[in-house]
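Comments concern the structure below.
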Amino acid sequence: MMLTWVAVLTQRSSTAVVPALLTIAVHLTMLAVLWRASRGQPEPSHPQETAFATCIAIGVSSIALFAWVEAPGELLSFTLFTLCLVVGLVFAWGWRFELAMFGVMLIPFGFARSRLEFSVSSLELNAAIVIGTAVAVAIAEGSARSFRLAFTRQQEAHTALRALATSRDAFRDITESARDAIWEVDRAGRLVYINEAGAGVLGFAPAELIGTNVDRFVTAHPRNPSLTTIRAKPDAEALRQPILMQWTTPSGFVWVEMITNVIPGEAGSVLGFRGISRDVTKRVQAEERLRESEARYRGIVASQEALIFRCDLDGHLRFLNEAGIRKYGVEGIRIDKLNYLRFVHPEDAPHALAALRALEPGKRFLRQSRGQTAEGWRWIEWEVSAITDINGDFTEVQGVGRDVTEQRTADEALRRSLEELRQHEEQLRLMALRQVAIREEERKRLGFDLHDGVCQELVGINILIESARQQISAGSARVGLGRAQT
């Protein structure tokens, strides 16, 4: 613009060539210095102040040039107005800098006013200056606000792009380093993305799976949900719950647990699905073994005629087998509403509770107590042990009992029989001792009788026989008396 006016002014007066060239040199020098300073620094300090000073210098030099050649004042006013308007639009520095620039320009313009030619009156010129200043200030402020708004939007866009890039990089790092399968499929079930872990579970490389329909990996196991139904009527809330599925892979069957999110489109449509899957084959197998073990355990416990219970340290029941339910007649009553001590005889209850609380892990005790059963009070023999949790803390008591009422009755009858037998044996022993004493006394009496009576009579008889034998002369009679004597 200044080059155009310089050319015009040199045509007006030959004396304007030198100052015009000097003015152009000054303008080019200032622009070169400004350009170099801005190029040397990525973010120059005080850019608006530097541009303001440069524009003031250009304006003052232009005023000096027009005053030197005594050019028309309207042309100078238009030049200054154009300069202020252009720099206000270019630098977007707002109304303050723009008004300050007009204020600074008016000072040298006032001094050069006497050397300029005006075809309008002073009032008209002043009115034009005021109106031009107001217009330029308004345009500069509008430009500044537009620039700030555009700059703010640009910064927000850059921030959003940086955040998006950061999020994308973080997502890529997380998905590629995750041990779980992370995948995305379209509405038809074709894989759009799958990470290394997911491809490894299926036994393929990620590039080989892109575009493959996931239905080919789903088995016909009855526990598997219908993917066709899910895709036809996707329920976002239901899909966020873990879904257990069995997949087939080149190495065999695997169980995976999936959490799925719906990818929404416009007007409530569904573009596809994105989710995370985890290989839980070992967990499912362990659960199957546990269920089988529990089924066997419950079958054994349920078929037992022994009474089996579990309770806490205060006696609140947590389990009672069928035999126990029948024994105590508590069919239809919730087990957690029953207390073990409810069935214990009041005289035995304090000892039973003390025994429960005194029980230690790894130890057990055997005791008999009276229990209130459907048949009345019965003697139950319990073998009780402690149950600990995974931390080794004593949390429950388990007991196995059997009805020993008949056994105790038989034992009591046997005990009474043994007592009676012992009494009879004692009586027999006393009778035997009495018989021994009687025999001894009779023996002594007989001894005395034989010694004192019979023996003497026999001696007398022997003497009489001997005397008779000597007196009888016949031989036969003598022989007979001899035999009697002997």
Quiz item: Stepwise, does the side chain to side chain contact (heavy atoms under 4.5 Å, CB included) test hold for Phe309 with Phe343?
Solution: CA-CA 12 Å; Phe309 78 93; Phe343 308 104; over 6 Å; no
Quiz item: Going through the checks in order, is the side chain to side chain contact (heavy atoms under 4.5 Å, CB included) test met by Thr260 and Trp183?
Solution: CA-CA 9 Å; Thr260 307; Trp183 46 266; 3.8 Å; yes
Practice problem: Test Leu191 against Glu184 for side chain to side chain contact (heavy atoms under 4.5 Å, CB included), laying out the working first. | Solution: CA-CA 6 Å; Leu191 278 169; Glu184 181 179 335; over 6 Å; no
Self-check item: Criterion salt bridge (charged side-chain N to carboxylate O under 4.0 Å, His left out) on Glu412 and Arg416, from CA distance to verdict
Solution: CA-CA 6 Å; Glu412 183 64 24; Arg416 289 195 300 267; 3.7 Å; yes
Practice problem: Starting from the C-alpha separation in whole Å, work towards a yes-or-no answer on side chain to side chain contact (heavy atoms under 4.5 Å, CB included) for Arg310 and Ile387. | Solution: CA-CA 9 Å; Arg310 294 178 72 176; Ile387 298 178; 3.3 Å; yes
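Side-chain contact annotation: Thr219 with Trp247, donor-acceptor N/O pair under 3.5 Å absent. Residues Ser251 and Thr249 bring a donor and an acceptor atom of their side chains to less than 3.5 Å of each other.
Distance CD1/Ile438 to CG/Leu433: 11.0 Å, rounded to 0.5 Å. Rounded to the nearest 0.5 angstrom, Leu307 CG and Glu381 CD are separated by 11.5 Å. To the nearest 0.5 angstrom, Arg378 atom CZ is 7.5 Å from Ile380 atom CD1. Note that the CD atom of Gln398 and the CZ atom of Phe319 stand 8.5 Å from one another [nearest 0.5 Å].
A donor-acceptor pair is defined here as one N or O able to donate and one able to accept, closer than 3.5 Å; such a pair exists between the side chain of Asn195 and the backbone of Ile182. Not one N or O on the side chain of Asp348 forms a donor-acceptor pair closer than 3.5 Å with the backbone of Ser369. The closest donor-acceptor contact from the side chain of Thr159 to the backbone of Gln155 lies under 3.5 Å. Under a 3.5 Å cut-off, the side chain of Asn321 and the backbone N or O of Ile308 do form a donor-acceptor pair. Distance alone, capped at 3.5 Å, places no donor-acceptor pair between the Asp314 side chain and the His316 backbone. Side chain of Glu141 to backbone of Ala138: no donor-acceptor contact under 3.5 angstrom is found. Under a 3.5 Å cut-off, the side chain of Asp312 and the backbone N or O of Glu396 do not form any donor-acceptor pair.
Between Glu347 and Arg370 there is a salt bridge, since a side-chain N of the basic residue sits under 4.0 Å from a carboxylate O of the acidic one. Salt bridge Arg231/Asp215: present, at least one basic N to carboxylate O contact under 4.0 Å. Comment: Arg291 engages Glu288 in a salt bridge, judged by a side-chain N to carboxylate O separation of less than 4.0 angstrom. Note on Arg326 versus Glu375: no salt bridge recorded, every NZ/NE/NH1/NH2 to OD/OE distance being 4.0 Å or above. The existence of a salt bridge linking Arg415 and Glu419 is excluded, since no basic side-chain nitrogen approaches an acidic carboxylate oxygen closer than 4.0 Å. Salt bridge Glu287/Arg283: present, at least one basic N to carboxylate O contact under 4.0 Å.
Shortest non-hydrogen contact noted between Arg278 and Asp180 is NH2-OD2, 2.8 Å. The shortest heavy-atom contact between Arg187 and Pro234 is NH2-CD, 3.9 Å. Of all the heavy atoms in Met245 and Pro225, the pair that sits closest is CG-CD, 3.6 Å. Among all heavy-atom pairs drawn from Thr395 and Arg318, the shortest one is O-NH1, 4.1 Å. The minimum heavy-atom distance between Val384 and Val397, with the atom names listed, is CG1-CG1, 3.0 Å. Here the closest heavy-atom approach between residue Leu209 and residue Leu202 is recorded as CD1-CD1, 3.9 Å.
For the pair Arg223 and Trp255, the cation sits on the ring face: its NZ or CZ lies under 6.0 Å from the ring centre, inside 45° of the axis.
By the neighbour-count criterion of 12 heavy atoms within 6.0 Å, atom CZ of Arg153 is sparsely surrounded, having that number or fewer from other residues, nucleotides or ligands. Within 6.0 Å of CZ on Arg422 lie more than 12 heavy atoms contributed by other residues, nucleotides or ligands. In the displayed structure, Arg148 atom CZ is contacted under 6.0 Å by more than 12 heavy atoms of other residues, nucleotides or ligands.
Remark: His345 pairs with Trp377 by the ring pair (Phe, Tyr, Trp, His ring centres under 6.0 Å) rule, at least two apart or across chains.
By the 4.5 Å heavy-atom criterion applied to side chains, Val330 and Leu338 are counted as neighbours.
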